[in-house]
Visitor: 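My questions will all concern the structure given below.
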Number of protein chains: 2
Amino acid sequence: MSANSRMTIAVHVLTWMALVRGRGREVVTSDQIAASVNTNPVVIRRSLADLRDAGVVVVRHGAGAGWSLAREAEAISLLDVYEAVRDGGPFALHRNEPNQACPVGRGIRPALSRVYDHAEEAVRRELARVSVADVLRDTLAA
Amino acid sequence: MSANSRMTIAVHVLTWMALVRGRGREVVTSDQIAASVNTNPVVIRRSLADLRDAGVVVVRHGAGAGWSLAREAEAISLLDVYEAVRDGGPFALHRNEPNQACPVGRGIRPALSRVYDHAEEAVRRELARVSVADVLRDTLAA
DNA sequence: CTGGGTGTAACAGCTACGGCTACATCCGTG
DNA sequence: CACGGATGTAGCCGTAGCTGTTACACCCAG
């Protein structure tokens, strides 16, 4: 449960891209994004690489290189982002295998997996209801 | 999102206590529990301390010391456990404050907090529907 | 008083992440 | 076809949190 911030970084990146896209700037660089997030451009590129693999952003190489959204901000849900930066979900099972001679040690991992799967599915349902455009609206309203 | 296993350990502990309680053993020691979880008794006592603070288990000192469930296993939900081992939820905001001169940097944290709160609330609803007795049943069925 | 068990501090090892440097690679543009 | 700005990625360091362990003070029924 000790959370990392990769999801937050990725959403920030997309929200910023949606903002400047509304101002006519279609292609942006990792340096420009890094200025808003206040971190190193390599961190941004790592995040963008995940999003590119998920088909959420597209990259252009060569002169005038940079990144742009693969589709409208309304069509990018936070579930898309969650899947893109995925790393195993909020819960983890035992680090060391429990005692297999004990009935609880033997059966608890599949039982817990079922519960954890349901909990994560609930998270996905919530994230699916929110788009990057929603986040941008809410961000600018504050 | 990089998960830790404290939730898993705590549920395992309670499930085991519910099992042996059904066999008539009311009071158990951290050593006995550690044998099922396959870890060090101090790890178990740390977990039990969280559960004790949450009112889920009670401790007896002195000779014949040990732990017992504070109430029926049916009346202990995984949400109770989640609250007991709580450490900040599945998502984290930026480690470094984003650029406050940027509209996105300024407004995204409250916007994201709202989304994350909804997602965590969904997790709680799922966990609230499952009791330690349910987990024990499911564990022994496998 | 005794002794078995709890309560907790302290430390080591491991893992993961964020931040950073360095450098190879790519490809419009002139 | 070379140039140059930006990507792609390996590699390293410092930090942080967790697990596992030792050590020892404290508690209290018998």
Side-chain angles (χ1 to χ4, degrees), chain A residues 1-10 12-13 17 25-54 57-68 70 85-99, chain B residues 1-10 12-13 17 25-53 57-68 85-99:
Chain A
M1 262 167 307
S2 70
N4 67 30
S5 57
R6 291 193 343 218
M7 175 80 179
T8 293
I9 301 296
H12 188 146
V13 166
M17 290 174 76
R25 274 209 282 158
E26 191 66 46
V27 176
V28 299
T29 69
S30 57
D31 271 58
Q32 296 164 346
I33 305 176
S36 171
V37 180
N38 188 28
T39 185
N40 192 286
V42 173
V43 175
I44 300 300
R45 271 180 269 168
R46 282 203 275 245
S47 183
L48 284 165
D50 287 339
L51 296 169
R52 176 203 56 202
D53 294 345
V57 300
V58 293
V59 62
R60 278 206 338 170
H61 283 272
W67 305 82
S68 48
V85 303
R86 186 146 195 48
D87 76 331
F91 300 108
L93 294 180
H94 308 72
R95 177 169 299 197
N96 301 327
E97 176 172 82
N99 182 357
Chain B
M1 261 167 309
S2 69
N4 66 30
S5 57
R6 287 182 358 205
M7 175 82 178
T8 293
I9 301 296
H12 188 146
V13 166
M17 290 174 76
R25 272 210 282 161
E26 192 66 47
V27 176
V28 298
T29 69
S30 57
D31 272 56
Q32 296 164 346
I33 305 176
S36 172
V37 181
N38 188 28
T39 185
N40 192 287
V42 173
V43 175
I44 301 299
R45 272 180 268 168
R46 282 203 276 245
S47 184
L48 283 165
D50 288 338
L51 296 169
R52 176 201 57 204
D53 293 346
V57 300
V58 292
V59 62
R60 278 204 340 168
H61 283 271
W67 306 82
S68 47
V85 302
R86 188 150 194 45
D87 74 333
F91 300 109
L93 295 180
H94 308 71
R95 178 169 298 196
N96 301 327
E97 175 173 83
N99 182 356

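Protein chains get the first letters and strands the later ones, always in sequence-line order, with residue 1 at the start of each.
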Visitor: Quiz question: going by heavy-atom distance under 3.5 Å, is there a donor-acceptor pair between the base of C/dG19 and the side chain of A/Arg46?
Guide: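 Yes.
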Visitor: How many whole angstroms separate atom CZ of A/Arg60 from atom P of C/dC27?
Guide: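 About 12 Å, once rounded to whole Å.
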Visitor: Which part of the nucleic acid, if any, lies within contact of A/Val42, taking any heavy atom under 4.0 Å across all strands shown: a base, the sugar-phosphate backbone alone, or nothing?
Guide: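 A/Val42: base contact, heavy atoms under 4.0 Å.
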Visitor: May I have the distance from B/Asn4 (atom CG) to D/dG20 (atom P), rounded to whole angstrom?
Guide: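 The answer, rounded to whole Å, is 12 Å.
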Visitor: Does A/His61 put a side-chain nitrogen or oxygen below 4.0 Å from OP1 or OP2 of D/dG8?
Guide: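 Result: yes.
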Visitor: Testing B/Val58, B/Leu51, B/Val59 for side-chain contact (heavy atoms from CB on, under 4.5 Å) with B/Trp67, which one passes?
Guide: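 Passing option: B/Val59.
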Visitor: I need the B/Arg45 CZ to B/Asn40 CG distance, nearest 0.5 Å.
Guide: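 Interatomic distance, B/Arg45 CZ to B/Asn40 CG, rounded to 0.5 Å: 8.0 Å.
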Visitor: Which one, D/dT19, D/dT21, C/dT21, comes nearest to the side chain of B/Asn40?
Guide: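 Given the options D/dT19, D/dT21, C/dT21, the side chain of B/Asn40 is closest to D/dT21.
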Visitor: Examine C/dG18: is either OP1 or OP2 under 4.0 Å from a nitrogen or oxygen in the side chain of A/Ser5? Give yes or no.
Guide: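 Yes, within the criterion.
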Visitor: What integer distance in Å separates A/Trp67:CH2 from D/dT7:P?
Guide: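 About 7 Å, once rounded to whole Å.
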Visitor: Can you figure out which of C/dC17, C/dG3, D/dT21 approaches the side chain of A/Arg6 most closely?
Guide: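 Closest nucleotide among those given: C/dC17.
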Visitor: Quickly work out the A/Met7 CE to C/dC17 P distance and round it to whole Å.
Guide: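 Rounding to the nearest Å, CE of A/Met7 and P of C/dC17 are 16 Å apart.
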Visitor: Is any side-chain heavy atom of B/Val57 closer than 4.5 Å to a side-chain heavy atom of B/Val13?
Guide: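 Counting from C-beta outward, B/Val57 and B/Val13 never come under 4.5 Å.
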Visitor: At under 4.0 Å, does any side-chain N or O of B/Thr29 touch on OP1 or OP2 of C/dG4?
Guide: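 For C/dG4, neither OP1 nor OP2 has a side-chain N or O of B/Thr29 closer than 4.0 Å.
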Visitor: Using a 4.0 Å heavy-atom cut-off across all strands, classify A/Asn96 as base, sugar-phosphate, or nothing.
Guide: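 The answer is sugar-phosphate, as A/Asn96 gets under 4.0 Å only of primed atoms, P, OP1 or OP2.
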Visitor: Can you tell me how far apart CE (B/Met17) and CD (B/Gln32) are? Round to the nearest 0.5 Å.
Guide: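 Spacing of CE (B/Met17) from CD (B/Gln32) equals 10.0 Å.
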Visitor: On DNA chain D, check which nucleotide each of A/Gly62 and B/Gly62 is closest to and give me the residue with the more 5' one.
Guide: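 With A/Gly62 and B/Gly62 compared, the 5'-side residue is A/Gly62.
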Visitor: Calculate the interatomic distance between B/Ile9 atom CD1 and D/dT19 atom P; express it in whole Å.
Guide: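 In whole Å, D/dT19 P and B/Ile9 CD1 are 7 Å from each other.
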Visitor: Is there a side chain to side chain contact (heavy atoms under 4.5 Å, CB included) between A/Leu48 and A/Ile33 once you walk through the steps?
Guide: CA-CA 10 Å; A/Leu48 284 165; A/Ile33 305 176; 4.0 Å; yes
Visitor: Choose from C/dG19, D/dT7, D/dG20 the nucleotide whose nearest atom is closest to any side-chain atom of A/Thr39.
Guide: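 Side chain of A/Thr39 sits closest to C/dG19.
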Visitor: Nearest whole Å is fine: how far is D/dT19 P from A/Glu97 CD?
Guide: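 Taking atom P of D/dT19 as the reference, CD of A/Glu97 is at 18 Å.
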Visitor: Let me know the distance between CD1 of B/Ile44 and C1' of C/dT6, rounded to the nearest Å.
Guide: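 Value for this atom pair: 14 Å.
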Visitor: So does B/Arg52 reach the base of C/dG7 with its side chain, donor to acceptor, closer than 3.5 Å?
Guide: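 Side chain to base: no pair present.
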Visitor: Tell me the interatomic distance from A/Asp87, atom CG, to C/dG18, atom P, rounded to whole angstroms.
Guide: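 A/Asp87 atom CG is separated from C/dG18 atom P by 10 Å.
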Visitor: Name the nucleic acid region contacted by B/Arg45, choosing base, sugar-phosphate or nothing; use a 4.0 angstrom heavy-atom cut-off, strictly under.
Guide: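 Since a base atom lies under 4.0 Å of B/Arg45, the category is base.
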